[in-house]
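To start, the structure itself, in structure tokens.
Not measured: the values here are computed from a predicted model.
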Amino acid sequence: MPRPKQNRKISNPPLMQGFKPFGIPRNRLSAVSLLYDEYEAIRLLDYEGLNQDQAAERMNVSRPTLTRIYEQARKTIAQAFMEGKMINIEGGNVQFDKEWFRCRRCYKLIGGIENHVRCKDCTSFGNNELIPINGEEK
């Protein structure tokens, strides 16, 4: 039996929940899942330009583990591009630096319950409109 996966450290969740190909109606699309740790690997290596050792340290994983996560992320993104699929960014065995929430109405990302203020486009205000992002696993 393999040992359980160690939580991967993620600084913050993505602003969006995924991507959709332009020109194909949503009801005709299938989807692939990009896990939060895969998103973080792409962000650290490709967007921030860190080397693999630096990125692995930030995510609290070994360099070979980071390489496996990154390769899976690239395969998932390539599949979505080639097959015209939506990408849902969700789940995984991750640990955020703090509590994160998303507004049910406008999908705004909120870092910490203490930072929750009424959204500009929301008609009501309260903590019941928040969806917790921490602890999501897939």
Side-chain angles (χ1 to χ4, degrees):
M1 176 152 104
R3 70 183 179 100
K5 287 183 181 178
Q6 182 176 342
N7 282 347
R8 284 87 156 105
K9 282 176 63 176
I10 309 293
S11 61
N12 57 302
L15 296 174
M16 65 297 199
Q17 294 177 304
F19 286 94
K20 176 188 148 332
F22 182 75
I24 303 172
R26 185 176 180 147
N27 62 357
R28 295 184 50 210
L29 287 171
S30 57
V32 294
S33 288
L34 184 71
L35 300 177
Y36 284 132
D37 58 347
E38 296 168 351
Y39 167 85
E40 184 77 351
I42 293 284
R43 186 183 74 78
L44 293 173
L45 295 170
D46 294 336
Y47 183 71
E48 288 194 13
L50 299 181
N51 66 42
Q52 288 194 357
D53 290 327
Q54 294 167 324
E57 188 176 322
R58 280 221 201 151
M59 287 181 66
N60 197 32
V61 296
S62 68
R63 200 221 27 89
T65 298
L66 175 75
T67 301
R68 285 191 296 276
I69 293 168
Y70 181 65
E71 287 300 316
Q72 183 57 49
R74 289 180 56 219
K75 285 180 185 178
T76 300
I77 292 169
Q79 178 186 8
F81 280 5
M82 297 304 107
E83 298 175 11
K85 294 184 175 188
M86 283 190 305
I87 300 173
N88 293 324
I89 306 171
E90 60 191 2
N93 197 13
V94 299
Q95 173 187 354
F96 295 102
D97 288 346
K98 61 181 171 183
E99 259 189 321
W100 287 92
F101 301 90
R102 194 173 298 278
C103 178
R104 261 181 228 285
R105 292 177 176 80
C106 68
Y107 300 102
K108 178 182 172 187
L109 197 58
I110 300 158
I113 197 84
E114 68 280 358
N115 296 322
H116 182 216
V117 295
R118 184 182 185 132
C119 301
K120 175 176 72 166
D121 299 323
C122 290
T123 55
S124 65
F125 178 72
N127 290 342
N128 61 343
E129 71 190 15
L130 299 179
I131 303 166
I133 294 177
N134 300 58
E136 282 185 2
E137 288 197 15
K138 188 156 183 156

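- Of all heavy-atom pairs spanning Q54 and N51, the tightest one is N-OD1, 2.8 Å.
- Not counting sequence neighbours, the partners of T67 by the side chain to side chain donor-acceptor pair (under 3.5 Å) test are Q52, R63.
- Linking Ile, Leu, Val, Met, Phe, Trp and Tyr whenever their side-chain heavy atoms come within less than 4.5 Å puts F81 and Y70 in one cluster.
- Taken from CD1 in I87 to CD1 in I77, the straight-line distance is 5.5 Å, to the nearest 0.5 Å.
- The 12-atom threshold is exceeded at CZ of R43, counting heavy atoms of other residues, nucleotides or ligands nearer than 6.0 Å.
- Side-chain contact, N93 with Y36: no donor N or O sits under 3.5 Å from an acceptor N or O.
- Looking only at side-chain heavy atoms (C-beta outward), Q72 and T76 come within less than 4.5 Å of each other.
- Considering only heavy atoms from C-beta on, R8 stays 4.5 Å or farther from Q95 through its side chain.
- Between I42 and R74, the closest side-chain pair of non-hydrogen atoms falls below 4.5 Å.
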Atom pairs and distances, donor-acceptor, side-chain atoms in residues 12-21, under 3.5 Å, two or more places apart:
unit_1	atom_1	unit_2	atom_2	d
K20	NZ	I24	O	2.8

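- The minimum heavy-atom distance linking E90 with S33 is given by the pair OE2-OG, 2.8 Å.
- Here the closest non-hydrogen pair linking A55 and L66 is CB-CD2, 3.6 Å.
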